[in-house]
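Side chains included, hydrogens not; waters and symmetry mates left out as well; all remaining heavy atoms used.
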Amino acid sequence: MSKAKNIKQFRNIGIMAHIDAGKTTVTERILYYTGKSHKIGEVHDGEAVMDWMQDEQDRGITITSAVTTCQWKQAQIQIIDTPGHVDFTIEVERALRVLDGAIGVFCAVGGVEPQSETVWRQADKYAVPRMAFINKMDRTGADFTGAVDSMKEKLNANPLIIQMPVGAEDQFAGVVDLINMQQIVWDDESLGAEYSTMDIDPAHAEQAAEYRENMLEILSEANDEIMEKYLGEEEITVQELRDAIRQATIERKLVPVLCGSALKNKGIQPLLDAIASFLPSPVDIEAVKGTHPDTQEEIECPARKDAPLAALIFKVSMIEGRKLSFARIYSGRLETGKDVYNSSLQKKEKLSRILKMHANKRERVDEASAGDIIGVVGLKESSTGETLCDQGHPVLLEQMEYEEPVISIAVEPKTHADQEKLDDVLEKFTIEDPTLKVSKDDETGQTILSGMGELHLEIIISRMLKEFNTNVNVGNPQVVYREVLNADSAGDAVFEREISGKMHYAGMQLSVQPLSRGAGFEFISNVDPGILPDKYLPHIETGIRETIDSGYLKGYPLVDVRVTLSGVNLDERTSELSVSVCASMACKNALENASISLLEPIMDVELFVPEAFMGDAIADLNTRGGKVESITPKLNIQVIKAVVPLSKMFGYSTALRSATQGRGTFTMQFKAFDKV
C-alpha cells in the first residue's frame, strides 16, 4: 500500500476534539506538510479536504469520520478525523475502537470543553494512548498553562509538557522543544512549510529551564531509569528521554503536550515528529483478542501478516449508491477477488476491490495486511461492527455498543415519486449509521426517524434532498420516553389453542420487579429444570422481552425490570410457540396490574454566554424546567451548567441566539432518564 510497509512504522491515529477547537484545520495542515494536499483547505472557506460532504462544507463542521493515509519521514500515518459535535458521537466511538493512538486537540482559550471530555472518556474506554495539542495559541485570551490545568482537572489526565510556547496571542512566535532544548521558528512566507531551529532566546532561557526541570520530574515518576539519573544528577541523553516518553505514552501513564496555531501554520511538523516518535505502532500495543464463534474460547490476533485474518468493519458508507465498508485489519491479510468469512453472520463474502482511502478519493490496491485501515467494495451483507476472518480460523471480535436515540421526527414523502425512493434512502442511511432508527407508527402510518439530537436528524433530512433528491415533510420532533415500574406485580396466563390442525398448550406464573435506574432487563427462572426443559427457556425469554420492549402505558420500552418465572404447567401439547405466547400473555397480565410511570430524557446543558446576557439566559432555562447546577466565569463569558428535560429544548438554539444577540452558544448531551 505504500513505501512504509514495515508494520512498526504504521501509526493509526485519530484526531479528536470539541467542536471548533480546530481539529479539522490541524488535519488539513498535516496533509499539506506531508505532501498529500497541494494546497491548504480551510474549514471557513468550505474547502477542507476531510470535510468533503456538502453539509460539512455548508456548516463548517465534521459529520462523518474521514480516513486518510500520509507519509512523514519513515512513518506511514493513517488518520481518522472525527466529528466534534455531540450528535455524532457514534463516529468517534467507532473510530476509537480501531485506532492505536489519538491526539486530543484543545483550544488554548477554551481549554477542555464538554465534548472533549466525552471523547476523552470514550478513548479511556478503549485504552487508547494519547497526546495533546494545545491549538489557537495566537487567539486573544490564549492561556497555555490554563489549558493544561484543565486537562488535569476535567480529564484526570497526567500531562507531560514537552514544548513551551514562545509568547501568546498576537505575540505567539514559535515553541521551545524541551527535549532538545531548541527554539523552533516558522517562516510565514512559505505558509509554515519552512521552519528553523536555533538556540533559545536568552529572554526565554530561564522559563525554558524551569519547564524542562518540571518535565524531567514528571517523567522520572513514570520511569525508574530516568528517576535514578535525575536523582543522581547524571546527564540524561535525548534518546533516553525520547524512549522514556514513548514508553510512558504507550502505557498511558503520561500524555505528552505540544502547542501551536494550526491556522497560522505553526507547530504541525513537531506534532508529526511526536506522532512518529511517541504514539504506538500496531505491534507496540496488546494484541486484539476475539472469541471462537462456537467454543467461545479466547483467540489472540497478533499484528502479523502471516497470522490468520481478523478484521473489523467499523463503518459502512453508501457513496454514489455503492456500499463501501471501512475495515481495520488486526492480523493476516486481505486480497482482492478472494472470499472472506463474516463470522458475525456466518456467511462467505467476496471482496471485489480494496481501496486505500484519502478522504473521499481512493486508490485501488491488490492486497492489504495487518495494521492497514482500508475501504472494501463488494461486501453485500456485512455491516458495522462485524468481523471478517478465514473460514478455517473463525474469530469474533468484540461488538460495538451504541447509544440509544433520544429524539424522533415523523417524515412523509411529498410526492408519489418520493414515496418510492424514501424506504430505499432510509435503508441506506441506517446501514451507514447504527444510531439512526427507522420505524413505522402503526396508528398513523407515519415513518418515524429517531436519532441522537436535532442536528443529527436535520442533517439526515438535508442529505436526503441533496444526495438522493428525495423531498419529505417533517413532523415536529418527538421525545423518546421510557416506562418504569413503581412496585412489584404478578401475573399468570394459560394458552390453549389449535393452530394448523395441532393443539398448543402452556400455563405460566411470573412476577415483575423494578430494578435500580440503569440496571437494564433481567430474566430469572425459579422453576425446577426437571419440570421446565432448558430448550424452552430462550423462547419464554423472547416472549417476555417482546412485551417489555413494547411497554404498557404508551408503547415505550419498559426499562430496569426483573422478570421472575415462578411456575409452569406443561404437557405433551406444549411447544416452543405455546411457551413464548403464554409468557408474553402472563407478562402483559402482570403489567396490567402494575403501577407504571413514564421516564423522559434529561439533558446536561452547558451554556457559554456574555455576562450582560446571563440573567436572560438563566430566566429562559427556568421557564423550560431547567435546574442550574453551576455558573463559572471564564474570560468575558459565563459558563452555565444546567440539567433540562429534552422535551423543553426544541428550538432552543434560536431562542438562545435571540436572547444573547447571537453571541451565546450551548452544548447538550444526554444525561439520564428521569420521571416525568
So do [Y] and [X] actually touch side chain to side chain, heavy atoms under 4.5 Å?
X      : Y      : value
Leu532 : Asp528 : no
Ile524 : Val563 : no
Asp339 : Tyr341 : no
Val438 : Ile448 : no
Val480 : Arg482 : yes
Cys301 : Leu397 : yes
Tyr536 : Thr574 : yes
Arg573 : Lys502 : no

Assess the side chains of [X] and [Y]: does a donor N or O sit below 3.5 Å from an acceptor N or O?
X      : Y      : value
Ser511 : Gln513 : yes
Thr384 : Lys315 : no
Thr542 : Ser580 : no

Task: Separation between CG of Asp100 and CG of Leu279, rounded to the nearest 0.5 Å - done: 9.0 Å
Task: Straight-line distance of Leu99 CG to Arg328 CZ, nearest 0.5 Å - done: 7.5 Å
For [X], does the [atom1] atom have more than 12 heavy-atom neighbours from other residues, nucleotides or ligands under 6.0 Å away?
X      : atom1 : answer
Arg497 : CZ    : no
Lys289 : NZ    : yes
Glu251 : CD    : yes
Glu498 : CD    : yes
Lys348 : NZ    : no

Might you point out which heavy atoms bring [X] and [Y] nearest each other, and give the distance in Å?
X      : Y      : result
Gly378 : Ser352 : CA-OG, 3.5 Å
Ser382 : Asn342 : OG-ND2, 2.9 Å
Met508 : Val568 : CG-CG1, 3.9 Å
Ile79  : Cys70  : CD1-SG, 4.0 Å
Leu396 : Ser343 : CD2-OG, 3.7 Å
Ser281 : Lys8   : CB-O, 3.3 Å

Looking at [Y] and [X], is any side-chain nitrogen of the basic one under 4.0 Å from a carboxylate oxygen of the acidic one?
X      : Y      : result
Glu349 : Lys380 : no
Asp390 : Arg333 : no
Lys305 : Glu367 : yes
Arg353 : Asp366 : no
Lys535 : Glu576 : no
Arg545 : Glu541 : yes

For [X] and [Y], indicate whether the former's side chain and the latter's backbone hold a donor-acceptor pair under 3.5 Å.
X      : Y      : value
Ser516 : Ala519 : no
Glu298 : Thr291 : no
Asp372 : Ser369 : yes
Thr336 : Val365 : yes

- [ ] Measure the acute angle between the ring planes of Phe429 and Phe468, then classify it against the limits of 30° and 60° as parallel, tilted or perpendicular.
- [x] perpendicular
